[in-house]
2 protein chains.
Amino acid sequence: MKYNYSDIPEITVRRLSVYFHILKCLKDNNVEFISSKQLASLAHTNAVSVRKDFSYFGEFGKKHIGYNVNYLMKSIMKILNISKKNSYIIVGYGNLGTAISFFPGFKDENFFLKGIFDIKEEIIGKEPIEGVKVMHIDELNDFVKENRIKFAILSTPMNVAQVVSEKLAKAGIKGILNMTGRHIRVPEKTLVFDINIVTGLEWLSYFISKKGDKK
Amino acid sequence: MKYNYSDIPEITVRRLSVYFHILKCLKDNNVEFISSKQLASLAHTNAVSVRKDFSYFGEFGKKHIGYNVNYLMKSIMKILNISKKNSYIIVGYGNLGTAISFFPGFKDENFFLKGIFDIKEEIIGKEPIEGVKVMHIDELNDFVKENRIKFAILSTPMNVAQVVSEKLAKAGIKGILNMTGRHIRVPEKTLVFDINIVTGLEWLSYFISKKGDKK
DNA sequence: ATAATAATGTGATTTAAATAGCATAAGGAG
DNA sequence: CTCCTTATGCTATTTAAATCACATTATTAT
Ligand SMILES: NC(=O)c1ccc[n+]([C@@H]2O[C@H](COP(=O)([O-])OP(=O)(O)OC[C@H]3O[C@@H](n4cnc5c(N)ncnc54)[C@H](O)[C@@H]3O)[C@@H](O)[C@H]2O)c1
Ligand SMILES: NC(=O)c1ccc[n+]([C@@H]2O[C@H](COP(=O)([O-])OP(=O)(O)OC[C@H]3O[C@@H](n4cnc5c(N)ncnc54)[C@H](O)[C@@H]3O)[C@@H](O)[C@H]2O)c1
């Protein structure tokens with residue numbers, strides 16, 4: 001069956017990403033085939049959901065056999081548009097920005113760090129990662145345009161999140177991964193994905209406290 | 001109207017946390033009252049959703065006026081069970097763990113860091129934050145039990161995520177904030193909240209690539 | 001004092017997502 | 001070669017979430 005882009009549940013896209021990370025791990029352990037049931041159990045969901053999620057994009061499995069891990073990974077990479085190299089920058093090079101810059105996991109998914117931006121004079125010009133320089137935020141606009149950067153990880157302090165994200169949008173950044181915990185408003189053409197660590201603790205807190213009073 | 005715990009949509013709990021962070025910011029700017037419409041616009045949702053979310057827990061607003069920012073914050077804190085002090089630990093004190101330990105934002109939400117665990121001999125015994133020591137993972141069990149720690153932020157390497165989370169569950173940790181990107185399996189009594197930065201970039205990648213082929 | 005306005009809170013309805021059920025295909029056992 | 005098992009993929013149904021529509025109330029303007 002053929003689906004439109006707009007028929008596809010947003011949550012399916014999230015799950016594809018989860019499946020992908022699980023498949024990476026399976027591949028490292030030389031697993032060649034996996035059933036929707038097994039994959040579901042690893043992804044904390046159920047087999048029907050797994051099959052349905054894939055069915056929006058095509059038929060990737062074989063009856064009686066399940067899914068070929070390698071082929072499924074490649075298919076998901078195509079769907080998520082991460083089969084080709086992508087470039088990203090980090091904006092705000094403090095504690096969190098630094099941690100992210102040293103994390104090797106982005107490369108496996110074809111995301112390559114191309115630049116770092118901050119305002120602290122003492123770090124500008126440094127090259128903390130080979131081939132990646134820290135630049136002043138004033139150089140952002142030209143750099144993004146010249147290098148056609150699509151993605152930015154925003155890890156500045158909260159109080160400048162809004163102004164900095166406006167600069168990002170203006171420079172032509174297509175997607176902002178917002179780590180600041182502050183909601184930002186940008187033109188519709190720029191997408192934002194929010195990650196908020198504190199929110200996670202609050203969610204846990206609620207469900208732990210409510211676990212007693214079931215039903 | 002009175003709702004049961006199980007009648008309340010999970011997504012509502014997530015949004016409460018989002019509202020709370022926005023309210024904190026409004027309070028800092030001396031805003032006293034806010035309408036569901038205004039709050040919705042700041043939270044990227046709509047006014048009815050905002051009101052419905054609150055209505056599961058009680059009536060917090062005044063007609064024609066809207067919500068008192070302070071009162072609403074206190075109410076949300078009660079709902080999320082963050083009005084009293086909570087203790088958490090960080091397990092895996094590498095780049096990310098360190099960044100998190102220095103982040104002051106948890107205190108505002110009544111989450112206090114009580115201990116740090118790792119296996120690197122050269123950092124064990126250090127006190128990177130006043131009053132918070134780095135301990136060996138072998139001391140985890142006793143420490144968690146003695147200090148009745150409820151929450152743990154897991155930031156070890158992926159390959160030990162499973163074994164370490166089993167230790168956490170065994171020690172009696174109630175909620176794990178899993179930063180590793182690897183899915184972990186723990187007994188049902190232990191809750192897990194996953195945060196995966198790479199997933200965020202993939203989500204952005206998908207929606208940016210699909211934006212052209214609308215409908 | 002009355003009308004107009006701006007807001008909340010909640011049943012009713014619509015839409016989206018999850019789940020169930022089943023037809024079908026691939027492989028293995030006998 | 002036929003039957004049994006296992007697993008996919010799709011349609012139908014159920015459940016959950018979002019939205020609509022409106023009754024209600026507090027405040028302001030006339
Ligand atoms: N840094 C990032 O931006 C980033 C992004 C996405 C995901 N992650 C994930 O977060 C986790 C931590 O990342 P990081 O960059 O801080 O890695 P890191 O290697 O800098 O830190 C890991 C720490 O865990 C410690 N450790 C190892 N085994 C342990 C054990 N058995 N018990 C306790 N501690 C142990 C190590 O000694 C080290 O200090 C990883 O799983 C990574 O995949 C990190
Ligand atoms: N560290 C965490 O664990 C954590 C957790 C949750 C949320 N956050 C959020 O992530 C963000 C970063 O946290 P952090 O701990 O790295 O903070 P940080 O203060 O260590 O780093 C912020 C960096 O941004 C730079 N900066 C300031 N203004 C700038 C501008 N206009 N343009 C570019 N860079 C600018 C600063 O010079 C600094 O290097 C914050 O918004 C924080 O709320 C962090």
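Residue numbers begin at 1 in each chain, while the letters A, B, ... track the order of the sequences. Heavy-atom basis, side chains included; hydrogens, waters and symmetry copies ignored. Values in this document were obtained by computation on a predicted structure and should not be read as measured data.
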message: For B/S205 versus A/F111, what's the shortest heavy-atom pair and its separation?
response: CB-CZ, 4.3 Å
task: Give me the residues of residues 29-44 of chain B where at least one heavy atom lies under 4.0 Å from an atom of DNA chain C, by number, or none.
output: B/S35, B/S36
query: With a non-hydrogen cut-off below 4.0 angstrom, is B/F60 in contact with a base, only sugar-phosphate, or nothing?
result: sugar-phosphate
field: Cationic tip of A/K210 above B/Y5 ring, under 6.0 Å, 45° of axis
entry: no
- prompt: Could you state the NE2-C1' distance from B/H64 to C/dT8, rounded to the nearest angstrom?
  reply: 12 Å
message: Using whole Å, what does the distance between atom C1' of nucleotide C/dA6 and atom CZ of B/R51 come to?
response: 11 Å
Per B/S49 side chain, nearest of listed nucleotides D/dT19, D/dA21, C/dA17: D/dT19
Atom pair distance, as rounded to whole Å: CG in A/D7 and P in D/dT11: 13 Å
message: Can you classify the ring geometry of B/Y206 versus A/F57 as parallel (below 30°), tilted (30 to 60°) or perpendicular (above 60°)?
response: perpendicular
query: Is the B/F117-B/F143 ring centre distance short of 6.0 angstrom?
result: yes
message: Tell me the interatomic distance from A/N68, atom CG, to C/dA26, atom C1', rounded to whole angstroms.
response: 16 Å
- prompt: Separation of B/N46 atom CG from C/dT8 atom P, in whole Å?
  reply: 12 Å
- prompt: In terms of side-chain heavy atoms of A/Y67, which of C/dT10, D/dA17, D/dT8 is nearest?
  reply: D/dT8
statement: Considering only heavy side-chain atoms of B/K52, the closest of C/dA17, D/dA26, C/dG11 is C/dG11
query: Does the gap between the ring centers of A/F103 and A/F106 come in under 6.0 Å?
result: yes
- prompt: Can you tell which of C/dT19, D/dG9, D/dA18 lies closest to the side chain of A/E59?
  reply: D/dG9
field: Length of the line joining B/I65:CD1 and D/dT24:C1', which is rounded to integer Å
entry: 15 Å
query: Expressed in angstrom and rounded to an integer, what is the separation of A/K62 atom NZ from D/dG9 atom P?
result: 11 Å
- prompt: What integer distance in Å separates B/N4:CG from D/dA16:C1'?
  reply: 16 Å
task: Could you check if a side-chain atom of A/L16 sits within less than 4.5 angstrom of a side-chain atom of A/F54, using non-hydrogen atoms only?
output: yes
field: Presence of salt bridge, A/E109 and A/K24, under 4.0 angstrom
entry: yes
